[in-house]
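Some notes on the structure that comes next.
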Amino acid sequence: MIQFNKVTKIFSPNSAALENISFKINETEFVSIVGKSGAGKTTLFKLLLVEETPTKGKVFFENQDVHKINRSQLYKLRRKIGMVFQDYKLLPSNTVYENIAYVMKVIGASDEDIHRSVSKVLEIVGLEEKVHNFPRELSIGQRQRVAIARALVHRPKVILADEPTGNLDPYHTSEIIQLLLKIHDLGTTVILATHNKEIINSLEKRTITLENGKVIRDDKKGRFIL
Amino acid sequence: MFISIKRIFQIAIMILKRQGLATFAMIFVIAITCLQVSSMFLLGKISQSLILDLEEKVDISVYLKMGTSEEDIFSIKEKLSQAPQVKKIEYVSSEEAREIFIERHKDDLLLMESLVQVGNPFLASLNIKAFMPDHYEEIANLLENSSFRDLVEKVDYYQRKPVIERIFAITSGINKALLFLSLVLGSLTILITFNTIRLATYSLREEIEIERLVGASDWFIRGPFLLQGGISGLLAFLISLSILSLACFFLTPQLKALFPDLSLFSCFGENFFSILLIQFLTGTGLGVFSSFIATRKYLKI
Ligand SMILES: Nc1ncnc2c1ncn2[C@@H]1O[C@H](COP(=O)(O)OP(=O)(O)OP(=O)(O)O)[C@@H](O)[C@H]1O
Ligand SMILES: [Mg+2]
């Protein structure tokens with residue numbers, strides 16, 4: 001479903017953020033991407049979402065080279081992917097409700113559908129009381145949960161979760177991981193980028209390990225080894 | 001389809017609410033531009049009518065020698081009217097010239113009395129109007145070299161030459177100044193408008209990029225902004241139309257004192273629909289177009 005083919009991304013001439021990356025992720029897989037800070041996890045996601053273009057190589061989604069898609073048609077790809085951004089990327093002038101509702105409005109959902117789905121995801125991430133607050137009025141962990149809710153609400157085929165538990169306490173961390181597992185059980189492909197050792201060790205799922213922009217391990221039942 | 005139009009309206013209203021100050025600034029600069037463009041147009045119309053008035057007053061008279069027969073005069077008139085420069089020729093007989101004089105000076109008893117004694121000292125004349133200001137010189141030359149020059153007593157072009165030339169220098173000066181002024185002011189206001197709108201939308205850069213990344217299409221993002229631009233332009237149009245109407249209404253008496261023949265308000269009335277159209281197109285056009293340009297920059301991701 002997703003394939004990176006000899007992908008290299010160079011931001012500054014003297015160091016590559018990603019170097020000759022190749023891997024394949026099948027539909028309904030659960031894959032973790034681990035690596036130290038700066039290893040290139042976020043860059044990987046940005047390439048898949050066409051926020052950045054690769055210096056070399058190709059990125060495929062459903063057998064389509066995503067960097068060949070016309071800019072004005074990119075929204076079709078992005079609607080299939082629910083991304084939890086590491087920096088959340090919430091719309092600052094929209095309330096929690098509107099932030100989550102936006103991705104449903106974009107696909108032309110009706111008001112009732114939106115209301116039902118948004119209420120449900122808000123309940124799942126435990127933010128029912130903050131519906132009408134603005135992002136700046138939330139704690140960092142709460143913002144992170146809004147970002148997760150937004151990535152799930154329109155039931156995308158793929159979830160890219162970039163460090164979704166980075167600012168959560170252990171209780172909420174395990175809640176979110178359980179949630180991702182549950183969504184995965186329902187047939188969604190999940191790619192999780194993290195440097196949380198406990199999560200990786202307890203998941204026992206496929207793990208791709210990055211170091212300095214290169215894939216150094218790709219284990220079926222990964223352990224956190226760095 | 002219907003639902004996305006509904007969404008676009010909803011979001012546009014939200015933008016108008018949340019971006020109150022920026023929208024206000026946008027309306028303000030667009031209104032100024034509308035006012036500037038339409039008042040330039042009005043000023044052009046006014047100066048055109050003033051220039052026409054002035055030009056209407058310019059003519060030259062060819063005075064014919066005492067005792068020239070009407071037959072000769074008509075043949076001269078005939079010949080002159082064939083010249084391509086001549087727009088209109090009017091024959092004033094010595095009798096008519098006398099009546100005009102009496103009409104003008106009938107209260108001056110002394111003058112009237114002496115007129116009775118002298119009889120009719122007035123020469124018959126042909127009043128000539130030309131199409132273009134510089135034609136007068138050519139007509140005067142034509143007369144100078146014609147077969148009937150012996151019948152001509154005098155051509156008053158030579159006396160009036162400096163006045164005529166000054167009038168035309170002034171009118172062409174006015175035209176040039178107006179053109180220059182509207183070019184300078186026009187580019188200035190458009191520059192300011194674009195800048196204001198760019199600043200107003202700058203804060204939206206981040207939001208637009210996020211919206212793109214979570215799957216919004218270009219038109220879903222852009223639609224509300226175009227609508228906001230259109231609504232702002234429409235409001236600006238209404239504001240500038242009211243300001244211009246009021247200004248014309250209150251300035252009319254003042255201008256009447258300066259130019260008795262000029263009624264600003266009736267000139268405004270005559271050109272009302274052109275002004276309406278100009279302001280409407282400037283307002284909504286500028287609003288929509290600048291929103292289009294401003295959002296285009298941020299839709300790159
Ligand atoms: N826009 C950019 N311009 C220049 N360099 C960049 C840019 N984005 C990322 N990089 C560089 O690319 C490398 C990989 O960055 P990336 O954000 O992918 O790391 P990461 O694995 O997500 O790290 P973290 O765990 O801290 O989020 C880093 O060295 C970073 O400095
Ligand atoms: Mg990162």
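So that the names make sense, note that chain A is the first sequence line, chain B the second, and so on, each numbered from 1.
- Here Lys105(A) is the residue among Lys105(A), Gln73(A), Met83(A), Lys80(A) with the most heavy-atom pairs under 4.5 Å with chain B.
- Proximity of Phe85(A) to Val214(B): side-chain heavy atoms (C-beta onward) are separated by under 4.5 Å at one or more points.
- In this structure the side chain of Lys6(B) reaches within 4.5 angstrom of the side chain of Asp111(A), judged on heavy atoms.
- The shortest side-chain heavy-atom distance between Phe220(B) and Tyr102(A) falls under the 4.5 Å cut-off.
- Residue Asp87(A) holds its CG atom at 8.0 Å from CD1 of Ile210(B), rounded to the nearest 0.5 Å.
- Proximity to chain B (any heavy atom under 4.5 Å) is shown, for Glu52(A), by neither the backbone nor the side chain.
- Dense packing is recorded around CZ of Phe11(A), with more than 12 heavy atoms of other residues, nucleotides or ligands lying under 6.0 Å away.
- When all heavy atoms of Ala216(B) and Tyr75(A) are compared, the pair lying nearest together is O-CB, 3.6 Å.
- In this structure, chain A has heavy atoms under 4.5 Å from both the backbone and the side chain of Glu211(B).
- Within the 4.5 Å cutoff, the side chain of Leu299(B) has heavy atoms near those of the Arg71(A) side chain.
- Annotation: side chain of Glu51(A) is not in contact with side chain of Glu209(B) (no heavy-atom distance under 4.5 Å).
- Of the atoms belonging to Leu90(A), it is backbone heavy atoms, and not side-chain ones, that fall under 4.5 Å from chain B.
- Environment of CG in Leu21(B): sparse, with no more than 12 heavy atoms of neighbouring residues, nucleotides or ligands closer than 6.0 Å.
- Atom CG of Asn63(A) has 12 or fewer heavy atoms from other residues, nucleotides or ligands within 6.0 Å.
- Note that the CD1 atom of Ile3(B) and the CG atom of Asp113(A) stand 9.0 Å from one another [nearest 0.5 Å].
- Only the backbone of Ala109(A) comes within contact range of chain B, judged by heavy atoms closer than 4.5 Å.
- By the 6.0 Å contact criterion, CD on Glu129(A) is open, its count of non-hydrogen atoms from other residues, nucleotides or ligands being 12 or less.
- Gly215(B) and Arg79(A) get closest at one heavy-atom pair: O-NE, 2.8 Å.
- In this structure, the portions of Pro92(A) lying under 4.5 Å from any heavy atom of chain B include both its backbone and its side chain.
- Ranked by heavy-atom pairs shorter than 4.5 Å toward chain B, the options Lys76(A), His154(A), Glu98(A) are led by Glu98(A).
- Shown here is Phe45(A), whose CZ atom has more than 12 heavy atoms of other residues, nucleotides or ligands within 6.0 Å.
- Taken to the nearest 0.5 Å, the CD atom of Glu206(B) stands 8.5 Å off from the CG atom of Leu91(A).
- Using a 4.5 Å cut-off between heavy atoms, Arg212(B) contacts chain A through both its backbone and its side chain.
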